[in-house]
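A quick write-up on the structure given underneath.
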Amino acid sequence: MDSVRVRLMREDDLPSAERASAVTFFEADRGTRRVSEPEVEPRSSVASKQWIDRMRFCLGVDPAGCWVAVKTDEGADRTVGFAISQNRGGLWFLATYGVLPSHQGQGIGKRLMDAALAHADGRPGIFSSSVHPGATRRYRLAGFSLHPQMRMVGVVDRSTLPAVDGLREGRADDFEWMDGLDQDLRVAGHGPDHGYMLDTLRLVVSRDRARPGYVYIDDRGRASLLAAAERETAQRLLWEALASAQGNTLVNCITTPNEWAVDVGLAAHLDIGQEGYIAVRDMPVPAPYLASGHFL
Ligand SMILES: CC(C)(COP(=O)(O)OP(=O)(O)OC[C@H]1O[C@@H](n2cnc3c(N)ncnc32)[C@H](O)[C@@H]1OP(=O)(O)O)[C@@H](O)C(=O)NCCC(=O)NCCS
């Protein structure tokens, strides 16, 4: 263990950190896969590139929250663990966290989490947690409340899709009110994360500023992040995402205060599943809100 150093991440760590992340989550997903679920596939080259792009962005915005555990072999550092956290205004979030299976259970995860949490400097915090017993133990001991999440899966029955009105495509000049809504729901705006998401995702917003809301939809028609001032707007935004869903779809990160999303999923004939936790400290569980796995 002594040969492992925990230090701030640098840009040249990204390829080796990505490989560590791919191996760690492949093994973790294999270990927690239910028999009814498909075999876990290794991360694709497209997803590897997206991981590196996203982490480079985090490193550019808030480098002091990005930590790696490294081993030095023949003069080169090899990543064996990573904890990428970020502060946005008064909110801290954890974008990703892992230790290579071959190095788990040796206290490296604790050292990484201590470094990331020191960066929070007492801010309220939020992240999406796996069910890994080492991870959940660490989070609860750090004062986070773990809220179980549901997810809706299946193929949308298109005969159930309602006519949805009052929405339009979102643009960069919507970010200001979107940040205000974020602030009401989860302590702080997403700030620069909105620009990053708009580059890669479709943004749909509520036309009515008195009942604001927005959803980012990925290229497979899945809602990646949804925020609204009230349930009815949230439901219309989720229906819009479901209308563009292709094949098997997924609505993720649904906590009990967000049962409005379960009701939409059931009406579309999706099935309820269960997946991990939303971990929060010193803040309520956001609602009406479906968190983004990476930007919370
Ligand atoms: C979660 C993870 C990062 C922890 O890293 P690690 O280096 O194994 O953690 P540590 O050795 O520092 O142990 C952390 C704590 O969990 C406990 N722990 C570790 N593995 C455990 C296990 N399999 N079962 C129960 N407790 C465990 C340790 O005893 C320790 O508790 P303590 O500090 O009170 O003694 C690592 O296991 C991992 O990458 N898991 C797979 C990916 C994942 O789930 N990431 C989290 C995403 S939110």
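Positions are given from 1, in the same order as the sequence printed here. The structure displayed is predicted, hence computed values, not measured ones. Counting starts at 1 for both ligands and their atoms, in listed order.
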task = Using protein heavy atoms only, decide if any is under 4.0 Å from atom 48 (S) of ligand 1.
result = yes

inquiry  = Which residue and atom name correspond to the protein heavy atom nearest atom 25 (C) of ligand 1, and how close is it?
reply    = Pro133 CB, 3.7 Å

query = What are the atoms of ligand 1, with element, lying closer than 4.0 Å to any heavy atom of Ser129?
reply = 48 (S)

message = So that I can tick it off, tell me whether Asp77 and Arg5 are bridged by a salt bridge, with the cut-off set at under 4.0 angstrom between side-chain N and carboxylate O.
response = yes

query = Okay, side chain of Thr136, backbone of His132: is any donor-acceptor separation there less than 3.5 Å?
reply = yes

request  = Would you tell me which option among His132, Met113, His103, Gln104 has the nearest heavy-atom contact to atom 38 (C) of ligand 1?
outcome  = Gln104

inquiry  = Below 4.0 Å, non-hydrogen atoms only: which portion of Tyr139 touches ligand 1? Side chain, backbone, both or neither.
reply    = side chain

ask   = Among protein heavy atoms, which sits nearest to atom 18 (N) of ligand 1, and what does the distance come to when rounded to 0.1 Å?
value = Gly134 CA, 3.5 Å

ask   = Closest non-hydrogen protein atom to atom 31 (O) of ligand 1, residue and atom name please, with distance?
value = Arg137 NE, 2.8 Å

query = Hey, is Arg231 close enough to Glu259 for a salt bridge, meaning N to O under 4.0 Å?
reply = no

key: Donor + acceptor pair across side chains of Arg123, His119 (<3.5 Å)   = no

ask   = What is the distance from atom OG of Ser130 to atom OH of Tyr139, rounded to the nearest 0.5 Å?
value = 5.5 Å

request  = Could you find the nearest protein heavy atom to atom 44 (O) of ligand 1 and give me its residue, atom name and distance?
outcome  = Ser130 OG, 2.7 Å

query = Considering only the protein, which heavy-atom contact is closest to atom 45 (N) of ligand 1, and what is its distance?
reply = Tyr97 O, 3.0 Å

task = Quick one: look at Val99 and ligand 1, take heavy-atom pairs under 4.0 Å, and tell me if it's side chain, backbone, both or neither.
result = both

note = among protein heavy atoms, the one nearest atom 11 (O) of ligand 1 is Gly107 N, 2.8 Å

inquiry  = Is the contact between Gln106 and ligand 1 made by the side chain, the backbone, both, or neither, using heavy atoms and a 4.0 Å cut-off?
reply    = backbone

ask   = If you measure from the Lys or Arg side-chain nitrogens to the Asp or Glu carboxylate oxygens, is any gap between Arg220 and Asp218 under 4.0 Å?
value = no

task = Could you tell me whether a side-chain N or O of Arg207 sits under 3.5 Å from a main-chain N or O of Leu167, the two making a donor and an acceptor?
result = yes

ask   = Can you list the atoms of ligand 1 that are under 4.0 Å from a heavy atom of Thr24?
value = 39 (O), 41 (C), 42 (C)

query = Quick one: CZ on Arg186 to CG on Asp184, what's the gap to the nearest 0.5 Å?
reply = 12.0 Å

ask   = Which atoms from ligand 1 have a heavy atom of Gly105 less than 4.0 Å away?
value = 6 (P), 7 (O), 8 (O), 11 (O)

Glu169, CD: over 12 other non-hydrogen atoms inside 6.0 angstrom = yes

inquiry  = Test of understanding: with salt bridge (charged side-chain N to carboxylate O under 4.0 Å, His left out), list the residues that count as partners of Asp193, not counting sequence neighbours.
reply    = Arg88

task = Could you list the atoms of ligand 1 found under 4.0 angstrom from a heavy atom of Gly98?
result = 3 (C), 39 (O)

message = Under 4.0 Å between a side-chain nitrogen and a carboxylate oxygen: does that hold for Arg236 and Glu232?
response = yes

ask   = Which residue supplies the protein heavy atom nearest to atom 7 (O) of ligand 1, what is that atom called, and how far is it?
value = Gly109 N, 2.8 Å

Per-atom contacts of ligand 1 with Ser128, taking only distances under 4.0 Å to non-hydrogen atoms = 48 (S)

ask   = With atoms numbered from 1 as shown, which atoms in ligand 1 lie under 4.0 angstrom from a non-hydrogen atom of Ala135?
value = 1 (C), 46 (C)

task = Before accepting this row, confirm whether a basic side-chain N of the pair Glu18/Arg43 lies closer than 4.0 Å to the acidic partner's carboxylate O.
result = yes

key: Any side-chain donor near an acceptor of the partner, Tyr196 and His190, under 3.5 Å   = no

key: Location of contacts on Lys110 toward ligand 1, heavy atoms closer than 4.0 Å   = both

ask   = Closer than 4.0 angstrom: is that true for some heavy atom of Leu141 and an atom of ligand 1?
value = yes

ask   = Nearest protein heavy-atom contact for atom 14 (C) of ligand 1: which residue, which atom, what distance?
value = Arg138 NH1, 3.9 Å

key: Phe127 and ligand 1 - part of the residue with a heavy-atom distance under 4.0 Å   = neither

